[in-house]
Protein chains: 2
Amino acid sequence: MSGIELNELEALDIWRRAMVAGVRADAPDLSARQMALLLTVYLRPPPHTVRGLAELMKVSKPAVTRAVYRLSELQLVRRKADDSDRRSVLIQRTVRGSVFLREYAELIIAAARGETEADAGGLPPRY
Amino acid sequence: MSGIELNELEALDIWRRAMVAGVRADAPDLSARQMALLLTVYLRPPPHTVRGLAELMKVSKPAVTRAVYRLSELQLVRRKADDSDRRSVLIQRTVRGSVFLREYAELIIAAARGETEADAGGLPPRY
DNA sequence: CGCCTTCGTTACGGTTCCGTAACTTCTAGG
DNA sequence: CCTAGAAGTTACGGAACCGTAACGAAGGCG
């Protein structure tokens, strides 16, 4: 889909900048699984079910249930009963989640450009 | 340093692919902080101390101590007493850590290109 | 030598998350 | 109907991690 070419050092340094920025940020820090789930819900075509997400990420269903609970608590996703099969629960996007991910994307883009709050703010000597 | 230009969707989809791959992988799943720490040790010029890393990531020193313990348990980093100041501990790279990050870099690069094990392996319909 | 500061670790209480197993609700097939 | 199976949740015991606070070891300096 995208088609960006990077070398190893570029790739890792982008990752590092975004990762460190993420850790420092006041934003609710999501676990790797929660983040993976959130991104999947927003970037892959619906519908998204607990079962499907669990298989995709190769984790247990309860883990997905918990992640969805946490994310919906933060209002980053929404749960809705499936009318055609009421055993299923559809995990859907929210406005807040869209905003959150848009900001996260900016963070990654800034990292890819070589910017970071820390770098911008100075702090040259040891770190 | 790098200078890559991405748009939001590209950035997020790269992140998603790498994140999902990371969650599924058999690799020891590191927390965001552990990963940020590991990347910093390998990509920023030494020396690296507990204090310095804690300040950089804006977390408590014990958090760094624990992360270093966990990472050295996995042999991804190494602890060495500083001879010039024996209160300090220097966190250093290891062969295994280099290999690990090289593989991780490949994962990101593949994601940036638009590849994924899942995509390559088929699995077209719902996910 | 004493005193004070710094570095890193350990102790502690609390939070979050995990996977297995049991359970509820619903669908589908005979 | 009624039973077999599937989807999701809850219960439970255990593991990992956090930050504050207390602590031991080491350096700096009068």
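No hydrogens, no waters, no symmetry mates; every other heavy atom, side chains included, goes into these values. Computed from a prediction, not measured in an experiment: that's the story for all the values here. All chains are named by letter (A, B, ...) in the order of the sequence lines, taking the proteins before the strands, and each is independently numbered beginning at 1.
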With the criterion being N/O to N/O and under 3.5 Å, what pairs connect the protein with nucleotides 27-30 of chain D, and how long is each?
residue: D/dG27; atom: OP1; partner: B/Arg86; partner atom: N; Å: 3.2

So where does chain B start and stop touching DNA chain C, 5' to 3', when the test is distance under 4.0 Å to a non-hydrogen atom?
C/dT6 to C/dT10
Whole-Å distance between D/dA7 P and A/Leu53 CG?
13 Å
With side chains defined as the heavy atoms from C-beta onward, is the minimum distance between B/Ile91 and B/Thr49 less than 4.5 Å?
no
Which pairs, protein N/O on one side and nucleotides 14-17 of chain D N/O on the other, fall under 3.5 Å?
residue: D/dC17; atom: OP1; partner: B/Gln34; partner atom: NE2; Å: 2.6

Need one value for A/Thr65: base, sugar-phosphate or nothing, where a base atom within 4.0 Å counts as base even if backbone is also close, heavy atoms only.
base
Step by step, work out the side-chain contact (heavy atoms from CB on, under 4.5 Å) result for B/Thr94 and B/Tyr42.
CA-CA 9 Å; B/Thr94 65; B/Tyr42 277 78; 3.5 Å; yes
Please determine whether a side-chain nitrogen of the Lys or Arg among B/Arg51 and B/Glu55 lies less than 4.0 Å from a carboxylate oxygen of the Asp or Glu.
yes
Write down the distance between NE2 (A/His48) and P (D/dG8), rounded to a whole number of angstrom.
13 Å
Measure the acute angle between the ring planes of B/Trp15 and A/Trp15, then classify it against the limits of 30° and 60° as parallel, tilted or perpendicular.
parallel
Identify which one of B/Val50, B/Leu90, B/Val68, B/Leu71 satisfies the side-chain contact (heavy atoms from CB on, under 4.5 Å) criterion when paired with B/Arg79.
B/Val68
Using the side-chain contact (heavy atoms from CB on, under 4.5 Å) rule, take A/Asp82 and A/Val89 through it: C-alpha gap first, then chi angles, then the decisive distance, then the call.
CA-CA 6 Å; A/Asp82 184 343; A/Val89 171; over 6 Å; no
Can you find a pair of side-chain heavy atoms, one from A/Leu76 and one from A/Leu30, that are under 4.5 Å apart?
yes
With a 4.5 Å limit on heavy-atom distance, are the side chains of B/Val59 and B/Leu53 in contact?
no
Nearest heavy atom decides the nucleotide; on that basis, is A/Pro62 or B/Pro62 closer to the 5' end of DNA chain C?
B/Pro62
So A/Val23 and B/Lys58, side-chain contact (heavy atoms from CB on, under 4.5 Å) or not? Walk me through it.
CA-CA 8 Å; A/Val23 168; B/Lys58 296 221 188 304; over 6 Å; no
The test is side-chain contact (heavy atoms from CB on, under 4.5 Å); show your working for B/Leu39 and B/Tyr104 and say whether it passes.
CA-CA 11 Å; B/Leu39 285 165; B/Tyr104 207 87; 6.0 Å; no
